[in-house]
There are 2 protein chains.
Amino acid sequence: MRDRRSGYGECPNEEGCPVEYTLDVIGGKWKGVLLYHMIEGPIRFNEFRRICPTITQRMLTLQLRELEEDGIVNREVYPQVPPKVEYSLSEFGSTLVPIILEMKTWGEKHKKLSSIAAR
Amino acid sequence: MRDRRSGYGECPNEEGCPVEYTLDVIGGKWKGVLLYHMIEGPIRFNEFRRICPTITQRMLTLQLRELEEDGIVNREVYPQVPPKVEYSLSEFGSTLVPIILEMKTWGEKHKKLSSIAAR
DNA sequence: CTGGATCCCTTTCGATACTG
DNA sequence: CAGTATCGAAAGGGATCCAG
């Protein structure tokens, strides 16, 4: 199972920096990306797979589960055939949007530059 | 050695989302935290260790090296005895500050809440 | 379509000891 | 003080098969 956070709990010093706390929540390898794609609205499992072809099914499931456990995303199952499951930002998850958008802005700006400089 | 990024390069589709790109740069487990502490000014190796007692010396070295390779931090060595090395945000690294500050704000806000809910 | 379960290799990471 | 080196444990992650 997922070990509960990077030290809060055992760690007695309560001054653990706020950034560390935030990264505990959204620091997963793919979480930022997944949250980003949910900003526009609910999104289905296989839509994620199309949008992020490099993430494996397994990882997608695991990361979504963790986000769900943390109350950041809602998972809505439509009992029908074929099954349909939609993921969306919870109210709590929405408070993270400013962070994600800052990341988006920065990424847009510097991705171009680095693709010019190439390597 | 550090493998070059999560797919950019091999991945032909150039639409890789900007958030993914950003996370490639600051997504390391401790990078956000380290950047955060450098906002206030240059900081020495052992200062980091005092501030973040849970990060091991090894990890601290590795993460700082990666940040240096990416041009985000400057590493200044003072040739003296005992040695003194200072790490600081580069001009490029400074462009990340808004993201870090958003993380700080969010963390401050929600750390309290969750410490009340406790467990 | 949306996953769960398993196998297994790779990478990460912590602990410890050592160095200029 | 600011690291490097090495080792073993743990976690990450891909591939494949199966199921409601």
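So that the names make sense, note that chain A is the first sequence line, chain B the second, and so on, each numbered from 1.
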Closest heavy-atom pair and its distance - [X], [Y]:
X	Y	value
A/Val33	A/Cys52	CG1-SG, 3.9 Å
B/Pro18	A/Tyr36	CG-OH, 4.0 Å
B/Met103	A/Val19	SD-CG1, 4.3 Å
A/Gln63	A/Leu34	CB-CD1, 3.9 Å

Tell me which residues in residues 32-49 of chain B put a heavy atom below 4.0 Å from DNA chain D, sorted by number, or none. B/Arg44, B/Phe45, B/Asn46
Summarise how protein sits on nucleotides 13-20 of chain D as a single string, 5' to 3': B when a protein heavy atom is under 4.0 Å from the base, S for sugar-phosphate-only contact, - for no contact. BBB----B
For A/Tyr87 and C/dG3, is the shortest distance between a side-chain N/O and OP1 or OP2 below 4.0 Å? yes
Using a cut-off of less than 4.0 Å, is there contact between a side-chain N or O of A/Arg65 and OP1 or OP2 of C/dT2? no
Decide yes or no on side chain to side chain contact (heavy atoms under 4.5 Å, CB included) for A/Arg65 and A/Leu62, but give the supporting numbers first. CA-CA 5 Å; A/Arg65 285 286 174 281; A/Leu62 290 176; 5.7 Å; no
Residue of the set B/Leu23, B/Leu67, B/Ile100, B/Leu64 for which side-chain contact (heavy atoms from CB on, under 4.5 Å) holds with B/Lys31: B/Leu67
Output the pairing pattern of DNA chain C as a dot-bracket string, 5' first, Watson-Crick or G-U wobble with both distances under 3.5 Å, | for cross-strand pairs, [ ] for crossing pairs. ||||||||||||||||||||
Pairs under 3.5 angstrom only: tabulate donor-acceptor contacts from the side chains of residues 82-92 of chain A to other protein residues two or more places apart or in another chain.
| residue | atom | partner | partner atom | Å |
| --- | --- | --- | --- | --- |
| A/Glu86 | OE1 | A/Tyr78 | OH | 3.1 |
| A/Tyr87 | OH | A/Arg75 | NE | 3.2 |
| A/Ser90 | OG | A/Gly71 | O | 2.6 |
| A/Ser90 | OG | A/Ile72 | O | 3.0 |
| A/Ser90 | OG | A/Phe92 | N | 3.3 |
| A/Ser90 | OG | A/Gly93 | N | 2.9 |

Could you state the [atom1]-[atom2] distance from [X] to [N], rounded to the nearest angstrom?
X	N	atom1	atom2	result
B/Glu66	C/dT11	CD	C1'	12 Å
A/Tyr78	C/dG3	OH	C1'	17 Å
B/Leu60	D/dT4	CG	P	11 Å
A/Glu68	C/dG4	CD	C1'	15 Å

At what distance, to the nearest 0.5 angstrom, does NZ of B/Lys111 lie from CD of A/Glu20? 9.5 Å
If the condition is salt bridge (charged side-chain N to carboxylate O under 4.0 Å, His left out), which residues does A/Glu76 pass it with, not counting sequence neighbours? none
Compare all side-chain heavy atoms of B/Thr56 with those of B/Leu60 and state whether any distance is below 4.5 angstrom. no
Just distance, no hydrogens or angles: give the donor-acceptor pairs under 3.5 Å from side chains in residues 39-48 of chain A, sequence neighbours left out.
| residue | atom | partner | partner atom | Å |
| --- | --- | --- | --- | --- |
| A/Glu47 | OE1 | A/Arg44 | N | 2.7 |

